[in-house]
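Atoms considered below: every heavy atom in the structure, side chains included; atoms not considered: hydrogens, waters and symmetry mates. Residue numbers start from 1 in every chain, and the chains themselves are labelled A, B, ... in the order their sequence lines are given, proteins ahead of strands.
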2 protein chains.
Amino acid sequence: ELVTRLAGVFAEPVLAGRRVLLTAGPTREPLDPVRYITNRSSGKMGFALAAVAAAAGAEVTLVAGPCALPTPAGVHRIDVETAEQMYAEVQRHVAGQDVFIGCAAVADYRPAEAVAGKIKRSGADLKLHLVPNPDILAAVAARAEDRPFTVGFAAETDRVLEHASDKRRRKGLDLIAANRVGPGLGFDTDDNQLELIWDGGHRQLGPGPKSALAAELITQIAQCLQDDKPEGAAS
Amino acid sequence: ELVTRLAGVFAEPVLAGRRVLLTAGPTREPLDPVRYITNRSSGKMGFALAAVAAAAGAEVTLVAGPCALPTPAGVHRIDVETAEQMYAEVQRHVAGQDVFIGCAAVADYRPAEAVAGKIKRSGADLKLHLVPNPDILAAVAARAEDRPFTVGFAAETDRVLEHASDKRRRKGLDLIAANRVGPGLGFDTDDNQLELIWDGGHRQLGPGPKSALAAELITQIAQCLQDDKPEGAAS
C-alpha cells in the first residue's frame with residue numbers, strides 16, 4: 001500500500017541494482033520469562049524506509065525487532081527479539097550490501113543474566129546488573145572491507161545537533177539522521193522531524209509524516225552514493 | 001462484538017445490579033524518556049473478563065495499562081501507564097464495588113528514579129536500583145470496610161498450584177486464577193488454562209480461548225457472590 005502510493009515518488013528507480021540492509025523497531029532484553037526492558041520505538045520509521053527503498057528499486061532486507069507492522073511489499077523480513085539476535089542477523093547479511101540503515105532503537109544494555117524462573121516479589125529493593133550490548137551500527141561502520149554506506153539515527157532529548165555530530169564521528173557513520181524525542185515527539189508517533197548530517201553537508205527534513213521523510217532520506221542516500229562513485233569513475 | 005457474541009451465554013444476567021472493577025494489561029516503568037521495564041501481558045484476558053462481566057449485566061470499570069485493544073461495549077475504561085498510576089485509579093474507584101478482579105500484570109518493581117535525559121551508552125556496566133511498587137491487589141483485599149469480592153491472577157512458571165495457593169493466602173484473596181507461563185504459554189496468546197482456587201473449592205478451566213474461560217470465571221464469581229449472601233439472608 002505504502003509502496004504503491006510511493007511508487008510514483010521516484011521518476012527513476014534511484015536505488016536500482018542496490019542492496020539495502022535495515023534494522024527497525026525496538027529490542028527486548030529479558031529480565032526473566034515474563035519481564036523485559038524495551039523502549040518506545042514503534043518501528044514505523046524503519047518500515048517506511050524499507051518500503052521506500054524497495055519502491056526505489058533496491059533489494060531490501062529488514063531485520064525487525066518486535067513490532068506489530070505488516071511487512072512492506074518486496075521486502076525480505078527477519079524478526080528478532082534481543083540486541084544480540086539483531087547483531088547476529090546483521091553480521092550474517094551485511095556482506096555485499098551497498099547501504100546499511102540502522103534505524104532500530106537497539107537496547108544499549110541487557111541484564112547480565114536473565115533469570116530462568118519468575119522473579120518473586122519481596123519487600124526489599126533490587127539491584128539489577130546491566131551489561132553493554134554489542135554496538136551493531138559501529139560494527140558495520142568499522143568493517144575493513146565490503147563496507148556499506150552506513151546510516152545511523154540519533155534520538156536525542158537535548159542539544160540534538162551537537163550530540164548527533166558527536167555520534168556520527170564516534171561511530172564512523174557516513175550519514176546520521178537526528179531527531180528530538182520527548183513527550184509526544186519522535187517515538188511512537190506518525191510524524192517526525194530530522195536533521196541529516198553527512199560528510200558533504202547538512203539538511204533539515206520535515207516536520208512531516210514518516211513516510212514522506214523516508215522518501216526524502218532515501219533520495220539523499222541515493223545522491224550520496226552517486227557522489228561517492230560518479231558514473232564512469234574507477235571505484 | 002465479543003459482548004454480542006457472549007450475550008447468549010448467560011440465560012440470566014448473573015451480575016445484574018453488581019459493580020465490577022478490573023485491571024488489565026501490563027504496566028510500564030520508565031527508566032528514562034525512551035526506555036522502560038514491562039512484561040509480556042497482552043491485556044486479552046482482562047479485556048475478555050470486562051466484556052463478559054458487562055454482558056452478564058454488571059456496571060464495569062476497567063483500569064488498563066498500555067495495550068492496543070478496543071474498549072468492550074458498555075465498559076468504562078481508564079488508561080494508565082505505571083503501577084503507581086494504576087494503584088491510584090483503583091483506590092479512586094474501589095469504594096462501592098461488589099467485585100475487584102486484578103488481572104493486570106503489574107510490575108512488582110520500578111526504577112528508584114527515572115532519569116530526565118536519555119541514559120548515554122558507555123562501555124561500563126550499569127547498576128539499576130529498583131524499588132517495590134505498591135501491591136494493588138493486597139491493598140484492595142485488606143480493606144477494613146466496603147471490601148469487594150477480590151479476585152487475583154497468578155502467572156507461575158513452576159509449581160503452579162502451590163505458588164498460587166500461597167499467593168491467595170498471603171494477599172487475602174477470595175479467589176485466585178492460576179496459570180502456567182513460559183515459552184508459548186499464557187502470555188500474549190489467545191488460549192489459556194486456569195486453575196481456580198477459592199474458599200469453597202477448586203476447579204480447572206480449559207484449556208480454551210480466553211473469551212470462553214472468561215465466561216466460566218465470571219459464572220464462578222457470580223456463584224461465589226450468591227453463596228456469600230444467599231437470597232433472603234441477613235448480610
Side-chain angles (χ1 to χ4, degrees), chain A residues 26-42 66 68 81 105-112 115-133 135 137-138 154-159 163 166-167 170-171 180-188, chain B residues 26-42 66 68 81 105-112 115-133 135 137-138 154-159 163 166-167 170-171 180-188:
Chain A
T27 66
R28 287 182 181 174
E29 309 299 323
L31 295 166
D32 70 15
V34 296
R35 299 181 179 85
Y36 57 90
I37 300 177
T38 190
N39 60 66
R40 295 178 197 279
S41 171
S42 65
E81 183 154 314
V106 182
D108 292 338
Y109 292 91
R110 68 175 181 279
V115 179
K118 196 181 160 196
I119 300 168
K120 291 285 164 194
R121 168 192 279 273
S122 77
D125 289 11
L126 213 64
K127 297 279 181 198
L128 210 58
H129 182 196
L130 303 178
V131 296
N133 270 322
D135 189 329
L137 203 49
E156 303 291 346
T157 48
D158 59 312
R159 293 188 298 170
H163 281 149
D166 284 355
K167 182 173 176 179
R170 206 170 57 242
K171 303 210 179 193
R180 183 185 302 276
V181 296
L185 264 175
F187 268 72
D188 212 359
Chain B
T27 66
R28 287 183 181 174
E29 309 299 323
L31 294 167
D32 69 16
V34 295
R35 299 181 180 85
Y36 56 90
I37 299 177
T38 188
N39 60 64
R40 294 179 196 279
S41 171
S42 64
E81 184 156 312
V106 182
D108 291 339
Y109 292 91
R110 68 176 182 277
V115 179
K118 196 180 158 195
I119 299 169
K120 292 285 165 193
R121 169 193 280 274
S122 79
D125 289 11
L126 214 64
K127 298 276 182 201
L128 209 59
H129 181 197
L130 303 178
V131 296
N133 270 324
D135 189 330
L137 203 50
E156 303 291 346
T157 48
D158 59 313
R159 292 189 298 170
H163 282 150
D166 283 356
K167 183 172 176 179
R170 203 170 59 243
K171 302 210 180 193
R180 183 184 303 276
V181 296
L185 262 176
F187 268 73
D188 213 359

*Asks:* Looking only at non-hydrogen atoms, find the nearest pair between P33(A) and R40(B) and report the distance.
*Replies:*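 In terms of heavy atoms, the two residues are closest at O-NE, 3.3 Å.
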*Asks:* Please report the interatomic distance CG(N39(A)) to OG1(T38(B)), rounded to the nearest 0.5 Å.
*Replies:*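 Reported value, rounded in 0.5 Å steps: 12.0 Å.
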*Asks:* Minimum heavy-atom separation for A124(A) to P132(B), with atom names?
*Replies:* O-CG, 3.6 Å
*Asks:* Could you work out, with salt bridge (Lys or Arg N to Asp or Glu O under 4.0 Å) as the rule, every residue matching D125(B), not counting sequence neighbours?
*Replies:* none
*Asks:* List in chain and number order the residues that pass side chain to side chain donor-acceptor pair (under 3.5 Å) with T27(B), two or more places apart in sequence or in another chain; answer none if no residue qualifies.
*Replies:* E29(B)
*Asks:* Would you compute the distance between atom CD1 of I37(A) and atom CG of L128(B) and round it to the nearest 0.5 angstrom?
*Replies:* 6.0 Å
